[in-house]
2 protein chains.
Amino acid sequence: MQSGADSSNGTTLRRHGSLTATVHTQLEAMILRGDIAPGERLNEQFLSSQLGVSRGPVREAARLLEQDGLVTSVANQGAFVRQLSLEDALELYDLRATIAGYACSCLATRATESDLTELRALVQKMQDCIDSDEEETYFRLNLLFHDRIAVLSGASRTARIYSALDKQVRLLRRRVLRGDESMRFSNEEHREILAAIESGDAGRAREAAEKHHINGKRRWINTL
Amino acid sequence: MQSGADSSNGTTLRRHGSLTATVHTQLEAMILRGDIAPGERLNEQFLSSQLGVSRGPVREAARLLEQDGLVTSVANQGAFVRQLSLEDALELYDLRATIAGYACSCLATRATESDLTELRALVQKMQDCIDSDEEETYFRLNLLFHDRIAVLSGASRTARIYSALDKQVRLLRRRVLRGDESMRFSNEEHREILAAIESGDAGRAREAAEKHHINGKRRWINTL
DNA sequence: AGTCATCTGGTTGTTGACAATCTGACAACA
DNA sequence: TGTTGTCAGATTGTCAACAACCAGATGACT
């Protein structure tokens with residue numbers, strides 16, 4: 001719950017100039033954090049007063065969130081935080097796997113030594129988390145690992161779409177506790193992805209990434 | 001009632017649709033038609049007076065177009081019709097190929113007889129266009145064929161993304177004259193895609209679709 | 001009692017005005 | 001002559017008020 005105007009981030013986030021961008025970021029965080037539950041409506045007036053802006057930027061931010069797939073808006077009724085059906089979830093996982101596969105295949109053909117160093121470090125950090133049983137940090141690093149792959153692939157649209165899909169996935173498993181075994185298997189797959197990228201074999205990288213994501217899907221299904 | 005949401009693709013001029021939606025459709029058409037050239041700015045004031053609305057809906061529509069990838073907006077400077085670099089174009093083709101491959105693999109596992117009938121009819125019509133040398137119509141049917149596959153695949157996000165990528169591609173080859181030979185090869189590939197879907201073999205469908213799109217990419221490159 | 005029309009409060013849709021910012025040009029100056 | 005400061009115009013960013021619209025409640029009528 002944000003009291004009053006700012007207080008959220010100490011420094012006023014005015015740098016981008018556009019309030020819309022700020023509001024977009026804030027609302028996205030609220031939704032991903034679960035402050036606004038799936039199915040709930042984004043009340044423009046309430047949110048605008050909460051964030052200390054007028055309804056204009058809130059409306060524009062809502063449009064952005066709709067394109068991000070985080071909310072659906074109904075004419076004359078407003079924007080609602082998306083509630084994903086099981087079918088939606090399954091498609092989401094598969095599609096994300098496909099996109100990730102493409103990103104990895106791109107990266108395999110262009111990764112610099114610096115890129116590889118960065119990814120290796122992430123895998124190592126994740127291993128440390130497993131050893132010291134820090135699930136929360138592992139979860140964060142895991143997101144970062146895949147995000148970095150998408151970005152480093154140089155395919156900007158691909159990275160953007162992957163990021164959007166990732167947020168939608170987080171919509172349905174906000175608090176995922178993978179468990180020790182899952183983390184171990186998962187990071188093993190990360191190693192395979194990394195090895196495939198290092199080898200420069202685009203096809204192998206693609207398959208490794210797809211398999212990893214599909215396994216993630218299966219792990220999620222098993223938690224139902 | 002299922003109002004709003006998405007995907008009644010193309011002209012969704014509902015009786016009372018919001019102005020934002022109308023403006024979005026109009027601007028999209030203008031851009032795709034080339035009325036507003038790549039690199040050109042979308043002047044909010046001019047467009048709003050041109051379309052007989054205020055700047056609000058125009059601004060919101062511009063946000064939508066940005067998410068569609070048709071324009072890029074700069075803070076305090078406005079929205080500009082996107083100018084695609086060669087790299088952009090190459091990624092676009094590859095990514096679209098990947099997405100199309102996924103859509104086809106989905107459709108292969110769920111296509112109804114009615115779906116197949118529709119697609120067969122489209123392929124036949126395209127053949128007629130080739131025989132009577134109607135490139136313009138062939139071009140339109142070609143777009144429709146791939147769009148229908150995406151929609152019939154049942155993967156709504158996938159269809160949406162494919163549609164967006166498709167519009168971006170059209171941004172860089174508004175007037176493509178494929179030539180007789182190209183059309184013939186292209187439709188032959190359509191047949192192969194259709195056959196793969198009919199066979200129910202997801203992997204084969206995926207490969208056929210990917211190959212078709214990659215060949216399309218090559219055909220485009222050859223025109224440079 | 002049940003069905004339908006109407007009313008009302010609240011919310012979104014739209015607008016025109018005002019503030020902040022950028023672009024380009026002109027003029028002052030070293 | 002080349003650089004820099006300043007200004008005017010245009011354009012985007014934001015706001016608060018008004019209009020259109022929907023959902024639910026109330027009440028009349030059969």
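Throughout, a chain's letter reflects where its sequence line sits, starting with A, and its residues are numbered from 1.
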Tell me the interatomic distance from [X], atom [atom1], to [N], atom [atom2], rounded to whole angstroms.
| X | N | atom1 | atom2 | value |
| --- | --- | --- | --- | --- |
| A:Glu60 | D:dG13 | CD | P | 8 Å |
| A:Glu66 | C:dG13 | CD | C1' | 15 Å |
| A:Leu51 | D:dC15 | CG | P | 11 Å |
| B:Asn76 | C:dA19 | CG | P | 17 Å |
| B:Glu44 | D:dG13 | CD | C1' | 8 Å |
| B:Phe46 | D:dT12 | CZ | P | 12 Å |
| B:Gln77 | D:dG13 | CD | P | 10 Å |
| B:Phe80 | C:dC22 | CZ | P | 13 Å |

Could you tell me whether A:Arg160 atom CZ has more than 12 heavy atoms of other residues or ligands within 6.0 Å of it?
-> no

Taking everything shown except A:Gln45 itself, do over 12 heavy atoms lie less than 6.0 Å from its CD?
-> no

With distance as the sole criterion, is a donor-acceptor pair present between the side chains of A:Asp68 and A:His24 under 3.5 Å?
-> yes

Are [X] and [N] close enough that a side-chain N or O sits under 4.0 Å from OP1 or OP2?
| X | N | value |
| --- | --- | --- |
| B:Arg41 | D:dT11 | yes |
| B:Asn43 | D:dA10 | no |
| B:Arg55 | C:dT15 | no |
| A:Thr20 | D:dG13 | no |
| A:Gln45 | C:dG10 | no |

With B:Phe145 as reference, evaluate B:Leu141, B:Ile149, B:Leu143, B:Asp147 under the side-chain contact (heavy atoms from CB on, under 4.5 Å) test and give the passing residue.
-> B:Ile149

Are the charged groups of B:Arg120 and B:Glu113 less than 4.0 angstrom apart, N to O?
-> yes

Which of these nucleotides, D:dC15, C:dT15, D:dG13, is closest to any side-chain atom of B:Pro57?
-> C:dT15

Of the nucleotides C:dG13, D:dG13, D:dC15, which has the atom closest to the A:Arg59 side chain?
-> C:dG13

Identify whether any heavy atom of B:Gly78 sits under 4.0 Å from a base atom; if not, whether one sits that close to sugar-phosphate; answer base, sugar-phosphate or nothing.
-> sugar-phosphate

